[in-house]
Structures are given as C-alpha cells and as structure tokens.
Amino acid sequence: MTDKVLYRLGIFFFIAGIVVSILQNFEVINFSQLLYPCMFHQITGLFCPGCGGTRAFTSLLQGHFISCFIYHPFVFYCFVMYVLFMTSHTLEKVYVFRKKVATENRAASRIALRFLLRTRRTFLTDKKKAPRKIFITRGLSFRITYVYFGIVIILLQWMVKNLFLLMS
C-alpha cells in the first residue's frame, strides 16, 4: 500500500476511534462482554500472544497510556507509530498546501520582480547571496521493519508473561 492510502485509512481509523471512544466512555459498548474467552488460554493454561490486547485498547481509549503499555506493549507501539505517521503526513500536506497558496499569490509579484531584476542587473551582480535553504517536511514512510519490530514486541511480551505465569 502506498503512504497516501495508509493516510486515508488513518483518517478513517481516527474518526472510528473517536466514535468508539465516546461509546466506550458512556458505557454504550463494553469490549469485555463482546468477546469470547480465549481458547488458547483455556486449552493450554498459558497466555496467548494477543492476551491483554483488549484491556490495552480499552485503556488507550480512556487515556491511560501507562496501563495500556503494561497490558500489551504492541497496542501502545501501534498507537505511537500511528501518531507519528499521521502527524508527519499532516504536516507534509499543510506545508505543501501553504507552499502552493504562497506560489499562487505571488505570481504577479514574481513578474514584477523579474522586471526589476532585469532593469537592476548591475546592482545585484555586486552582491552574491547564498541560496536559501528550504526545509521540506516529509511524512514517515511505511517500512517492513516497523512490522518486524512489532512482531518482536508481541513475542517478547508473550514470553515474559508466560514466564511469570509459570514461575508463580
């Protein structure tokens, strides 16, 4: 998928997240009642790799970021990556839009400036200015390493939780 498609999906998930957060906070939806018990945990007695994800998501919707990280670090990792991706792409779009508007508004002044530069060429040749550096904001691009890092987080939390379960 391209970054443009991911950005549009991110906007959709932002709106959906706001709706779900409102429904969760007014207790219209209770995620723990909607889900079935974990079959992996019932059969093996161990935690599954996704164990704690629902509690982490619920904590995230309520704004409890520390408990979200404790319940399932992958949910918090996804949230941080989502915020970074959406913020960087929004800043990129704002910068490109501002640059486009500034270019359109200055079209007439550029014509006048060219005329002045042609008539005053001898005046400007004495002073040489360094080229102006332009800071271009570029959005965070999707990389498969982010997915691999997420898989490592899931496996680590799964092993640590089950290690503590077996030790107790």
Side-chain angles (χ1 to χ4, degrees), residues 1-103 132-168:
M1 282 190 264
T2 65
D3 290 337
K4 185 184 267 187
V5 173
L6 288 173
Y7 184 75
R8 289 181 182 160
L9 281 172
I11 291 172
F12 169 76
F13 283 124
F14 178 73
I15 294 168
I18 289 174
V19 171
V20 169
S21 178
I22 290 170
L23 293 175
Q24 172 74 23
N25 286 332
F26 286 116
E27 298 179 1
V28 176
I29 294 177
N30 190 353
F31 288 112
S32 61
Q33 294 175 351
L34 295 175
L35 300 174
Y36 295 105
C38 180
M39 294 299 288
F40 184 85
H41 184 65
Q42 286 182 343
I43 293 171
T44 64
L46 299 173
F47 295 119
C48 73
C51 214
T54 305
R55 288 176 290 178
F57 184 69
T58 304
S59 295
L60 184 67
L61 289 177
Q62 295 172 350
H64 303 276
F65 300 114
I66 295 172
S67 62
C68 172
F69 182 79
I70 291 170
Y71 285 137
H72 204 298
F74 179 70
V75 174
F76 186 74
Y77 169 73
C78 288
F79 173 72
V80 168
M81 292 305 292
Y82 171 80
V83 168
L84 288 174
F85 181 83
M86 293 302 290
T87 303
S88 66
H89 278 273
T90 303
L91 289 174
E92 178 185 15
K93 290 188 182 305
V94 166
Y95 176 76
V96 169
F97 177 75
R98 286 182 63 201
K99 186 177 177 183
K100 182 179 178 182
V101 168
T103 304
R132 191 173 139 196
K133 294 182 179 180
I134 299 173
F135 177 72
I136 299 175
T137 306
R138 187 160 185 194
L140 180 71
S141 295
F142 172 78
R143 293 192 177 105
I144 196 68
T145 54
Y146 301 144
V147 176
Y148 293 146
F149 189 69
I151 292 170
V152 168
I153 290 173
I154 290 172
L155 292 176
L156 281 175
Q157 73 90 22
W158 179 56
M159 289 188 290
V160 168
K161 281 185 178 180
N162 284 321
L163 183 68
F164 283 129
L165 179 69
L166 293 173
M167 288 174 56
S168 61

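- The two residues Leu140 and His89 make their nearest non-hydrogen contact at O-NE2, 2.8 Å.
- Of the possible donor and acceptor atoms, one in the side chain of Lys161 sits under 3.5 Å from a partner among the backbone N and O of Cys51.
- Residue-environment remark: CZ (Phe85) exceeds the threshold of 12 foreign heavy atoms within 6.0 Å.
- Looking at Leu6 and Asp3, their side chains come closer than 4.5 Å, going by heavy atoms from C-beta outward.
- Nearest approach of Ser21 to Leu61, heavy atoms of both residues: OG-O, 3.3 Å.
- Between the CE atom of Met81 and the CZ atom of Phe142 there is a distance of 9.5 Å, given to the nearest 0.5 Å.
- Residues Ile70 and Phe76 form no side-chain contact, since every pair of their non-hydrogen atoms from C-beta on lies 4.5 Å or further apart.
- Under the side-chain hydrogen bond (donor to acceptor under 3.5 Å, both in side chains) criterion, the residue pairs touching residues 63-75 are Ser59-Ser67, His72-Gln157, with sequence neighbours excluded.
- In this view, Val19 and Leu23 satisfy the side-chain contact (heavy atoms from CB on, under 4.5 Å) rule, not counting sequence neighbours.
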Practice prompt. Before giving the answer on side chain to side chain contact (heavy atoms under 4.5 Å, CB included), spell out for Phe149 and Ile153 the whole-Å C-alpha distance, their side-chain angles and the decisive distance to 0.1 Å.
Written response: CA-CA 6 Å; Phe149 189 69; Ile153 290 173; 3.6 Å; yes
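- Residues satisfying the ring pair (Phe, Tyr, Trp, His ring centres under 6.0 Å) test with Tyr82, not counting sequence neighbours, are none.
- Under the side-chain contact (heavy atoms from CB on, under 4.5 Å) criterion, Val160 pairs with Phe164, sequence neighbours left out.
- Annotation: side chain of Val83 is in contact with side chain of Phe79 (closest heavy-atom distance under 4.5 Å).
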Could you pull out every donor-acceptor pair under 3.5 Å between side chains of residues 38-48 and any protein atom, sequence neighbours left out?
residue: His41; atom: ND1; partner: Leu46; partner atom: O; Å: 3.0
residue: Thr44; atom: OG1; partner: Phe40; partner atom: O; Å: 2.7
residue: Thr44; atom: OG1; partner: Leu46; partner atom: N; Å: 3.1

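- Not counting sequence neighbours, the partners of Val152 by the side-chain contact (heavy atoms from CB on, under 4.5 Å) test are Leu156.
- Residue Leu166 places its CG atom among more than 12 non-hydrogen atoms of other residues, nucleotides or ligands, all under 6.0 Å distant.
- Remark: Tyr146 pairs with no residue by the ring pair (Phe, Tyr, Trp, His ring centres under 6.0 Å) rule, at least two apart or across chains.
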Item to complete: Might you work through the side chain to side chain contact (heavy atoms under 4.5 Å, CB included) test for Thr90 and Thr87, ending with a clear yes or no?
Response: CA-CA 5 Å; Thr90 303; Thr87 303; 5.8 Å; no
